[in-house]
Amino acid sequence: MKILQQVFEQVKTRNPGEPEFHQAVMEVLESLEPVAERNPEWVAAGVFDRFVEPERQILFRVSWVDDQGKVQVNRGFRVQFNSAIGPYKGGLRLHPSVNLSIIKFLGFEQILKNSQTGLPIGGGKGGSDFNPRGKSDGEVMRFCQSFMTELARHIGPDTDVPAGDIGTGAREIGYMYGQYKRLTNSFTGVLTGKGLTWGGSLARTEATGYGLCYFMEEAMQSHGFGFQGSTVAISGSGNVAIFATEKATEMGGKVVTASDSDGYVYDPDGIDLALLKSIKLVKKGRIKEYVDQKPNARYEADCSKVWSVACDIALPCATQNEIDAASAAMLAKNGCKAVGEGANMPSTPEAIELYLKNGIVYGPAKAANAGGVATSALEMSQNSMRYSWSFEEVDTKLKGIMVGIHTAAANAAAEYGQPGNLMFGANIAGFLKVARAMYEQGVAY
Ligand code: NDP
């Protein structure tokens with residue numbers, strides 16, 4: 001990096017102790033160097049310096065009472081990163097690992113992802129270090145209500161529209177939406193991922209996993225292969241993983257793995273989707289229960305080993321940095337031909353380097369998993385119209401959006417001199433629209 005090196009140095013100085021945020025910014029700025037070269041007026045207007053600084057960062061106390069009557073205190077976050085092309089939009093993560101660095105990296109990536117969908121949504125992200133695992137429904141409800149009591153004053157259907165993420169599913173969105181409605185006396189599309197009888201969109205639940213498969217099929221077909229007849233390794237067993245498994249199977253692939261943070265299962269006969277759904281969605285159990293019903297399958301109590309399973313296509317759908325250099329090397333050695341990121345930033349920079357070096361078709365998260373937020377934006381449109389589209393209508397729009405994202409990333413990669421590098425292309429395609437809007441809107445907004 002030449003022109004943008006000092007932007008990155010400033011990010012490190014200004015945001016000490018935030019490694020995930022640094023990692024995400026560095027990867028993007030490296031891709032944007034040729035954009036800076038071609039657009040000196042953007043450099044002069046400080047577009048790049050402004051782009052890496054959130055418009056607003058909100059940190060707040062979330063106190064709630066557990067089932068024993070004890071007061072618990074968590075920390076709430078909402079980073080409203082960029083509103084140049086629309087209201088802030090991005091999920092709420094509930095996980096003990098949540099901190100400002102993680103929320104900022106996610107919010108930053110979200111700007112580019114949302115831009116690529118072609119829909120008018122800015123970038124943001126939020127959450128809390130609250131751990132929903134092992135909590136009763138009552139505890140989760142009291143936490144969500146307390147969380148929303150503070151968040152409500154900062155969001156709105158034309159300002160900031162949060163959604164789900166790790167740990168925030170339909171139940172949590174329901175409790176939060178109920179509290180928002182109570183506080184504001186309004187029924188608006190302020191959250192997405194809502195229940196189908198109160199403003200939710202059909203196909204939202206499936207959208208990230210389905211969209212990932214639509215995107216990867218496009219990417220792989222341009223190299224002469226696809227899901228048909230391929231062996232697929234998938235990590236995670238949450239929302240994204242389950243519906244990626246469903247769509248990859250429907251498209252002719254054989255998915256052989258599923259995991260959670262305790263371990264992974266390998267089923268040589270192909271993952272039994274009905275069983276996976278019943279364990280994870282109905283019983284809210286652990287993935288190791290899968291082998292109780294499937295004698296041919298095996299369980300290993302180390303989730304990182306999932307990448308030692310031989311596959312043609314790997315779809316990491318669990319969490320950030322889950323594929324490091326060693327795992328990437330193992331994938332390459334075992335003949336993996338494509339990696340598509342369902343999770344956000346699941347590959348370390350060293351892993352990405354290995355994919356590119358080994359000619360692995362690489363679908364970066366900010367393009368490949370944009371189907372979820374794209375469908376959230378479609379939910380916002382339906383809420384504004386007070387109308388609902390059918391599952392098929394939403395799914396068709398989703399497919400069109402994912403194909404469009406692939407085309408835009410592939411074209412930008414070629415135009416800026418790295419044909420086939422979809423990460424490079426996605427960073428540029430997403431950035432151009434936001435940068436133009438920031439430039440045209442002037443400095444002091
Ligand atoms: P869920 O909470 O539904 O599922 C997360 C899954 O990942 C769980 O199976 C969880 O297991 C597992 N997991 C968590 N940490 C680890 C780990 N260290 N190693 C292995 N497995 C782990 O979340 P989602 O499916 O919604 O999200 C998954 C990823 O996709 C995240 O990166 C999220 O940001 C991203 N994403 C989600 C979108 C959505 O629409 N939901 C949209 C775009 C991106 P356990 O039960 O043990 O915690």
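Just so it is clear, the structure is predicted and the values come from calculations on it, not from any experiment. Atoms within each ligand, like the ligands themselves, are counted from 1 in listed order.
- Two rings, from Tyr290 and Tyr264, have their centers 6.0 Å or more apart.
- Proximity of Arg286 to ligand 1, defined as any heavy-atom pair under 4.0 Å, is confined to the side chain (atoms from C-beta onward).
- The salt bridge (Lys or Arg N to Asp or Glu O under 4.0 Å) pairs that include a residue from residues 204-220 number zero, where partners must be two or more places apart or lie in different chains.
- Close contacts between ligand 1 and Ser237 involve ligand atoms 9 (O) [criterion: under 4.0 Å to a heavy atom].
- Less than 4.0 angstrom separates some heavy atom of Arg133 from each of these atoms of ligand 1: 47 (O).
- Here the protein heavy atom with the shortest distance to atom 25 (O) of ligand 1 is Val240 N, 3.0 Å.
- Checked by distance only, ligand 1 and Arg93 come closer than 3.5 Å through their nitrogen or oxygen atoms.
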- Show the numbers, then the answer: is there a side chain to side chain contact (heavy atoms under 4.5 Å, CB included) between Ser347 and Glu341? CA-CA 8 Å; Ser347 312; Glu341 297 183 332; 2.5 Å; yes
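- Lys337 NZ to Ile360 CD1: the interatomic distance, rounded to the nearest 0.5 Å, is 11.5 Å.
- Applying the ring pair (Phe, Tyr, Trp, His ring centres under 6.0 Å) rule to Phe130 yields the partners Trp64, Phe143; only residues at least two apart in sequence or on another chain are considered.
- When only non-hydrogen protein atoms are considered, atom 32 (O) of ligand 1 lies nearest to Asn344 N, 3.1 Å.
- For Tyr214 and Phe227, the distance between ring centers is not under 6.0 angstrom.
- Contacts with ligand 1 closer than 4.0 Å are made by no heavy atom of Glu322, backbone or side chain.
- The shortest heavy-atom distance from Ser235 to ligand 1 is not under 4.0 Å.
- Under 3.5 Å, the side chains of Asp272 and Gln293 contain no donor-acceptor pair of N or O atoms.
- Protein heavy atom closest to atom 47 (O) of ligand 1, with residue, atom name and distance, is Ser261 OG, 2.4 Å.
- Among protein heavy atoms, atom 42 (C) of ligand 1 sits closest to Thr208 OG1, 3.3 Å.
- Listed by atom number, the atoms of ligand 1 under 4.0 Å from Gly342 heavy atoms are 30 (O), 35 (C), 36 (N), 44 (C).
- Scanning the protein for heavy atoms near atom 2 (O) of ligand 1, the closest one is Gly167 N, 3.3 Å.
- Distance check, rounded to the nearest 0.5 Å: CD1 of Ile121 to CG of Asp160 gives 11.5 Å.
- Side-chain contact check for Ser101 and Glu20: at least one donor-acceptor pair (N or O, by modelled atom type) lies under 3.5 Å.
- Those atoms of ligand 1 that come under 4.0 Å of a heavy atom in Cys303, given as number and element, are 19 (N), 20 (C).
- Counting heavy atoms only, Gly238 comes closest to atom 8 (C) of ligand 1 of the residues Ala163, Ala370, Gly238, Gly285.
- Closest to atom 33 (C) of ligand 1, if we only count protein heavy atoms, is Asp165 OD1, 3.1 Å.
- Annotation: atom 12 (C) of ligand 1 to nearest protein heavy atom, Ala318 CB, 4.0 Å.
- Regarding atom 3 (O) of ligand 1, its nearest protein heavy-atom neighbour is Asn239 N, 3.0 Å.
- Contact annotation for Ala207 and ligand 1: no heavy atom of the residue comes within less than 4.0 Å of the ligand.
- With no hydrogens or angles considered, no side-chain donor-acceptor pair links Glu322 and Thr319 at under 3.5 Å.
- If you number the atoms of ligand 1 from 1 as listed, the ones under 4.0 Å from a heavy atom of Arg204 come out as 40 (O).
- With values rounded to the nearest 0.5 angstrom, Arg93 atom CZ is found 5.0 Å from Gln320 atom CD.
- Contact atoms of ligand 1 toward Ala343: 29 (C), 30 (O), 32 (O), 35 (C) (distance under 4.0 Å to a heavy atom of the residue).
- Between Tyr210 and Phe391, the ring-plane angle classifies as perpendicular under the 30° and 60° cut-offs.
- For the pairing with Asn15, the side-chain hydrogen bond (donor to acceptor under 3.5 Å, both in side chains) check across Lys104, His22, Glu53 returns one residue only, Lys104.
- Which of Ile166, Thr168, Asp260 comes nearest to atom 23 (O) of ligand 1 through a heavy atom is settled by distance: it is Ile166.
- Near Thr319, meaning under 4.0 Å from any of its heavy atoms, are these atoms of ligand 1: 15 (N), 16 (C), 17 (C), 18 (N).
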